[in-house]
Amino acid sequence: MKINPAKKMKVIKKNQKMGMYENVMQQFNRAADLMELNPSVRKILAIPNTEIVVNFPVKRDDGTVEIFKGYRVQHNNALGPYKGGLRYHETVDIDAARALATWMTWKTSLAGLPYGGGKGGVQINPKLYTNSELERITRRFTYALGDNIGPEHDIPAPDVNTTPQMMAWIADTYMSTKSTSERSKHAHVVTGKPVGAGGLEGRDRATGFGVVIALKEWASHKNTTLKGKKYILQGIGNVGYWASIFMQENGAILVGVQDASGSIYNAEGINPDNLFTYMTDNRGFIKDFAHAEALPNEFFFGLECDIVIPAALGNQINEDNAYEIKAEVIAEGANGPVDGAANDILLERNIDIIPDIFCNSGGVIASYFEWLQNRNGEMWTMEEVLEKLESKMKISFKKLLKASVKYNTDWRTAAFIEAISRVEQAYLQRGIFP
Ligand code: NAD
């Protein structure tokens, strides 16, 4: 791997990593300046509405009690109830929850949904707990949040390390706190549930599917297709796995994967189905997969490829690796995977970035369909879901392109301008109480 020494020097000097909230606020401020956002609305949107931190006790299997820290940040609800995932990870803290909640406001607005933005989670490594402990942690966290969540107020969903099963536990716990006659009206307190517990056909694959729709739109904008394009994938969980399945359907070739256990590479291609079968028997990890070579993590983003799909955590592409990227496009499956410094380096290098608030919006769009399905007592089919999702994403991409031409700006700033404008309108039309 060749590294330009001059650039490397710069990296070492400036290697002050950006916090996630600092990243989202830099994106917001750039858009707000360019669109000349109303100054009063700007003050409101520059800070979350509500920040909830709960410390709650849970009994471990051995009878000892452990205290857990949970977060829920509700950024803005001018367009509708707060909406956004719950994450179980050691990196969950108030900065991460704030940043992710803020991105949700812009994501739901850009997608044209009647939602605001929220996000939260528990600071925990879930791999260290048994299934029954995770059930108690999830139920007790839900109970601690109480009426700070609710089907018409704040609607959580899955995120990193949270599963449809956990969403079913949240729904069940929340519903159990209501009177018997009211219970059934509350199933849509959470989305991303298993299909048998009120979930939506296709919600599992919606984010990954949406990432590939975004890439297909990018390809058609560039007069090309995904067929034969080589790509690398960071994170092969819900988003990454389904993205790899739909990329395969479109003839793209997976050449590198990184997850929490390490990195692997095969220039001839890695079959996602084979990899996933291997992972199922390997505690969900890619490490030691026989049909690819192991690679030090620091070389991952510098691999030869056409497309990078980061689908793990935030700030993964930063000054340390932005100069090494060979791809022509980055499709942000994860939230905030490219930090502010890397964003500018990549734009300067003419690498396209399909911004997270558009690229991974398939998940929240399908969550909206699930919420509608529960609210209206309907049952949607997989075909209906994927068709409606595709059409919504295509509309968002058109809006983003139009704003980028109108304001002569990059796609991320354009997406933010579109999203912020909708919320600005709501405030300007309603006024500020009292
Ligand atoms: P997941 O828990 O299903 O998978 C996470 C993946 O990231 C796993 O493969 C894990 O091994 C990997 N990972 C964790 N730490 C890593 C590290 N340090 N280096 C490399 N890989 C690492 O999570 P998910 O639901 O697929 O979410 C992934 C990203 O997509 C997150 O940023 C999330 O906010 C975003 N997102 C998820 C959804 C959704 O519907 N699940 C929707 C929109 C955005």
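One-based numbering, in listed order, for ligands and for the atoms of each.
- Only side-chain heavy atoms of Thr207 come within less than 4.0 Å of ligand 1; its backbone N, CA, C and O stay farther off.
- Shortest contact from atom 9 (O) of ligand 1 to any protein heavy atom: Ile236 N, 2.9 Å.
- Nearest protein neighbour of atom 28 (C) of ligand 1, counting heavy atoms only, is Ala311 O, 3.3 Å.
- In this structure, Asp259 does not pair ionically with Lys287, as no charged nitrogen and carboxylate oxygen lie closer than 4.0 Å.
- Regarding atom 2 (O) of ligand 1, its nearest protein heavy-atom neighbour is Asn161 N, 2.7 Å.
- Residue, atom and distance of the protein heavy atom nearest to atom 41 (N) of ligand 1 are Asn238 OD1, 3.7 Å.
- Here atom 33 (C) of ligand 1 lies nearest to Asp159 when heavy atoms of Leu100, Ile357, Asp159 are compared.
- For atom 23 (O) of ligand 1, the closest non-hydrogen atom of the protein is Val160 CA, 3.4 Å.
- Using cut-offs of 30° and 60° for the angle between ring planes, the Phe28 and Trp106 rings count as parallel.
- Scanning the protein for heavy atoms near atom 4 (O) of ligand 1, the closest one is Gly237 CA, 3.2 Å.
- Note on Glu51 versus Arg98: salt bridge recorded, some NZ/NE/NH1/NH2 to OD/OE distance being below 4.0 Å.
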Apply salt bridge (Lys or Arg N to Asp or Glu O under 4.0 Å) to the pair Arg136 and Asp61, showing each step before the final yes or no. CA-CA 10 Å; Arg136 289 197 293 281; Asp61 288 347; 2.8 Å; yes
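- Counting heavy atoms under 4.0 Å from ligand 1, residue Glu90 does not touch it at all.
- Electrostatic pairing of Asp154 and Lys119 does not count as a salt bridge here, judged by no charged N lying under 4.0 Å from a carboxylate O.
- Where the criterion is an N or O separation shorter than 3.5 Å, residue side chain and backbone included, Asn335 meets it with respect to ligand 1.
- Interface atoms of ligand 1 facing Gly235, defined by a heavy-atom separation under 4.0 Å, are 6 (C), 7 (O), 9 (O), 12 (C).
- Each of Lys185, His188, His186, Lys193 was evaluated against Asn374; a single residue qualifies, Lys193, per the side chain to side chain donor-acceptor pair (under 3.5 Å) test.
- At most 12 non-hydrogen atoms from other residues, nucleotides or ligands lie less than 6.0 angstrom from CD1 of Ile47.
- Residue Ser261 does not touch ligand 1, judged by heavy-atom distances below 4.0 Å.
- Taking atom 11 (O) of ligand 1 as the reference point, the nearest protein heavy-atom neighbour is Ala260 N, 3.1 Å.
- Using a cut-off of 4.0 Å between Lys/Arg side-chain N and Asp/Glu carboxylate O, Arg139 and Glu135 are scored as salt-bridged.
- Because its NZ or CZ atom is not both nearer than 6.0 Å to the ring centre of Trp371 and within 45° of the ring axis, Lys83 does not count as a cation-pi partner of that residue.
- Residue-to-ligand polar distances place Arg203 within reach of ligand 1: an N/O pair is separated by less than 3.5 Å.
- Proximity to Gln234 (heavy-atom distance under 4.0 Å) selects the following atoms of ligand 1: 19 (N), 20 (C).
- Residue-to-ligand polar distances keep His89 apart from ligand 1: every N/O pair is separated by 3.5 Å or more.
- Of the listed residues (Leu313, Val239, Leu233, Asn360), the one carrying the non-hydrogen atom nearest atom 37 (C) of ligand 1 is Val239.
- In this structure, the protein non-hydrogen atom closest to atom 32 (O) of ligand 1 is Ala312 O, 2.7 Å.
- There is no side-chain donor-acceptor pair under 3.5 Å between Thr191 and Arg203.
- Annotation for ligand 1: atoms under 4.0 Å from non-hydrogen atoms of Arg87 are 31 (C), 32 (O), 33 (C), 34 (O).
- Residues Asp306 and Lys326 are not paired through a salt bridge, judged by the lack of any N-O separation under 4.0 Å between the basic side chain and the carboxylate.
- Judged by the 6.0 Å and 45° rule, Lys107 forms no cation-pi pair with Tyr115.
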